[in-house]
Amino acid sequence: MLCAVYKSRKKADTYLYINKRDDFSGVPKMLLETFGAPKFVMLVPLHKPRNIANISIEKLTKHLKEKGFYLQLPPTEESLLSEHRRSKGLDAQPDKKF
């Protein structure tokens, strides 16, 4: 089994995996509007057990069979301010005294 991978032209580091190249019939219209015009990246064979884009082949195959697509979003970046505050112990909730 192969799946086609497309890159979003609107959203950085966002990819769409579908069952068949150029067949977006299983992808919701709203998602395609947000995703923008898909740019073909590659065909990926799904017969070898390995991870692709931090998802196992088994999970990817399950998404493709059940939903008809898989959307890979970029990892969320943690705020540098939040990271700094946590390192200084400033995010702990103080005891409230009334």
Side-chain angles (χ1 to χ4, degrees):
M1 180 178 177
L2 294 174
C3 79
V5 182
Y6 293 83
K7 181 177 184 172
S8 174
R9 295 176 193 221
K10 283 182 158 182
K11 304 282 185 180
D13 300 323
T14 302
Y15 295 88
L16 182 64
Y17 296 72
I18 57 175
N19 288 314
K20 187 176 176 188
R21 186 173 179 171
D22 297 332
D23 180 8
F24 298 96
S25 59
V27 181
K29 187 177 180 178
M30 289 290 290
L31 174 60
L32 281 177
E33 288 174 6
T34 304
F35 192 80
K39 180 180 178 185
F40 177 74
V41 177
M42 67 181 148
L43 288 173
V44 176
L46 300 177
H47 62 281
K48 295 180 182 178
R50 62 173 189 238
N51 288 348
I52 297 175
N54 297 326
I55 186 171
S56 69
I57 291 291
E58 294 79 20
K59 272 181 115 173
L60 178 58
T61 303
K62 183 179 177 183
H63 276 272
L64 292 172
K65 285 181 182 176
E66 291 177 1
K67 295 182 180 181
F69 69 95
Y70 174 72
L71 182 64
Q72 175 193 338
L73 299 172
T76 56
E77 293 183 27
E78 187 169 354
S79 161
L80 292 176
L81 177 59
S82 296
E83 186 178 319
H84 175 72
R85 289 181 58 82
R86 191 174 46 256
S87 73
K88 299 293 183 189
L90 299 174
D91 281 343
Q93 295 292 327
D95 293 338
K96 292 183 180 180
K97 295 181 181 179
F98 294 97

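These numbers come from the heavy atoms of this one structure, side chains and all, not from hydrogens, waters or symmetry mates. Position 1 is the first residue of the sequence, and the numbers go up from there.
Note that CG of Leu73 is 9.5 Å distant from NZ of Lys11, once rounded to the nearest 0.5 Å. The NZ atom of Lys62 sits 10.0 Å away from atom OG of Ser56, with the distance rounded to the nearest 0.5 Å. The NZ atom of Lys59 sits 10.5 Å away from the CG atom of Asn54 when rounded to the nearest 0.5 Å.
Across all non-hydrogen atoms, the minimal contact from Pro38 to Leu32 is CG-CD2, 4.5 Å. Shown here for Leu2 and Pro45, the closest heavy-atom pair between the two residues is CD2-CA, 3.5 Å.
In summary, of the residues considered (Val41, Leu71, Leu60), a side chain to side chain contact (heavy atoms under 4.5 Å, CB included) with Tyr17 occurs for Leu60 alone.
Residues Tyr70 and Met42 share a single hydrophobic cluster, defined by chaining ILVMFWY side chains whose heavy atoms lie under 4.5 Å apart.
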Atom pairs and distances, donor-acceptor, side-chain atoms in residues 18-26, under 3.5 Å, two or more places apart:
residue, atom, partner, partner atom, Å
Asn19, ND2, Leu64, O, 3.1
Asp22, OD1, Tyr6, OH, 2.8
Asp23, OD1, Ser25, N, 3.2
Asp23, OD1, Ser25, OG, 2.7

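Checked by atom type and distance alone, the side chain of Ser8 pairs as donor or acceptor with a backbone atom of Phe35 at under 3.5 Å. Under a 3.5 Å cut-off, the side chain of Arg9 and the backbone N or O of Ala37 do form a donor-acceptor pair. Thr14 contributes a side-chain N or O that, together with a main-chain N or O of Ala12, makes up a donor-acceptor pair within less than 3.5 Å.
Side-chain contact between Val27 and Leu16: present, with at least one pair of heavy atoms (C-beta onward) separated by less than 4.5 Å.
Here side chain to side chain donor-acceptor pair (under 3.5 Å) pairs that include residues 28-42, with residues two or more places apart or in two chains, number zero.
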